[in-house]
Amino acid sequence: MKIIDGKELAQQIKTNLAATVAEVTGEGARAPHLAVILVGDDKSSATYVRGKAKASAEVGIENTTIHRPADLSHTELLELVEKLNNDPAVDGILVQLPLPEHIDTQKIIEHIDPSKDVDGLTSANAGCLAQALPGVRACTPRGIIAMLDSAGVRIDGARAVVVGRSNLVGFPVAKMLLDRDATVTIAHTHTRDLGTVTREADILVVAAGSPRLIKADMVKEGAAVIDVGISWDDAAGRLVGDVDFDAVKDKASAISPVPGGVGPMTIAGLMMNTVECWLRHIRSEEK
């Protein structure tokens with residue numbers, strides 16, 4: 001059994017990206033620039049934003065965090081996004097989710113210039129993924145594929161099961177696995193006899209938001225298991241995933257832990273997207 005260390009892999013990715021940024025800026029190009037919008041004072045969101053700023057500094061990305069109060073109007077947020085869209089020095093725009101309830105989240109996301117949509121959440125980028133066209137891929141699914149590759153998991157020809165159907169993880173990672181020639185089934189918490197489905201998986205990705213949903217008897221011997229879920233367990237006094245890690249780890253050939261698995265790789269995916277958007281922008285500026 002191999003534990004896929006997301007922290008270690010994320011650090012390798014950031015080190016490689018930092019070398020690319022240093023090389024290109026050393027040739028006279030401006031540094032990449034990521035703008036992160038934080039609305040309100042949610043403690044979890046603020047923690048995530050600080051993590052993104054720290055990773056940006058490691059890679060050599062200029063990071064601007066724009067903090068606005070929770071009562072910011074929908075129109076004011078649209079105007080802020082538009083300003084960043086029009087700023088040629090900004091390569092990536094990220095609006096930290098969730099937003100306050102009075103703001104239409106999807107309309108805000110759709111207002112981001114697709115070429116600066118480093119979260120890969122606009123319908124334009126989702127459409128590019130669906131049609132296997134060039135575009136920005138969602139950060140967490142991109143990190144998941146990198147984790148499988150790092151563990152030496154063979155994707156082509158594998159039977160993969162994705163538990164979860166969100167546009168953030170479930171659907172995008174299913175499509176990325178399909179594009180790598182896996183046979184993919186999408187399931188969810190309402191799937192009848194879920195264990196029958198998951199036991200068929202050579203690759204099992206769980207993003208259902210249900211603590212310890214996946215038990216040992218639901219996992220095929222030798223499967224690679226990626227756990228996207230993260231919840232606080234009051235009884236255990238620690239964070240847990242959607243997979244019962246202690247029970248499943250002895251059956252899996254490779255498994256990601258919670259915490260320290262997918263979380264760091266989501267930020268690594270964001271760094272990859274930001275650098276790639278920057279490279280496309282500066283090449284366009286050179287023409």
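All of these numbers come straight from a predicted model, not from anything done at the bench.
Minimum heavy-atom separation, T266 to C139: O-CB, 3.5 Å. M271 and K52 get closest at one heavy-atom pair: CE-O, 4.0 Å.
Partner of D242 under the side-chain contact (heavy atoms from CB on, under 4.5 Å) criterion, chosen from V205, T189, D227, V225: D227. Each of D42, T47, D41 was evaluated against S45; a single residue qualifies, D42, per the side chain to side chain donor-acceptor pair (under 3.5 Å) test.
Looking at N273 and R137, their side chains never bring a donor and an acceptor atom within 3.5 Å of each other. For the 3.5 Å distance criterion, the side chains of E110 and S123 qualify, holding a donor opposite an acceptor. If you check the side chains of S231 and D233, you find no donor sitting under 3.5 Å from an acceptor. When only modelled atom types and interatomic distance are considered, D91 and H33 share no side-chain donor-acceptor pair under 3.5 Å.
Clustering ILVMFWY residues whenever any of their side-chain heavy atoms sit less than 4.5 angstrom apart, transitively, puts V169 in a cluster other than the one holding V136. Taking hydrophobic clusters as Ile, Leu, Val, Met, Phe, Trp and Tyr residues chained together by side-chain heavy-atom distances below 4.5 Å, V163 does not share a cluster with V240. By the criterion of side-chain heavy atoms lying less than 4.5 angstrom apart, applied directly or through intervening Ile, Leu, Val, Met, Phe, Trp or Tyr residues, V258 is not grouped with I255; the two fall into different hydrophobic clusters. Cluster membership for L99 and V118, using ILVMFWY side-chain heavy atoms within less than 4.5 angstrom, is shared.
Note: I66 CD1 to L72 CG = 11.0 Å, rounded to the nearest 0.5 Å. The line from NZ of K251 to NZ of K220 is 11.0 Å long, rounded to the nearest 0.5 Å.
Contact check on E79 versus K83 returns no salt bridge, with no Lys/Arg side-chain nitrogen under 4.0 Å from an Asp/Glu carboxylate oxygen. The existence of a salt bridge linking R180 and D149 is confirmed by a sub-4.0 Å separation between a basic side-chain nitrogen and an acidic carboxylate oxygen.
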Query raised in the report: Can you check salt bridge (Lys or Arg N to Asp or Glu O under 4.0 Å) on D179 and K175, steps first, answer last?
Result: CA-CA 6 Å; D179 288 346; K175 182 58 170 61; 2.6 Å; yes
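The 12-atom threshold is not exceeded at OH of Y48, counting heavy atoms of other residues, nucleotides or ligands nearer than 6.0 Å.
A donor-acceptor contact shorter than 3.5 Å is absent between the side chain of D119 and the backbone of A138. The main-chain N or O of I61 is never found under 3.5 Å from a side-chain atom of S56 such that the two would form a donor-acceptor pair.
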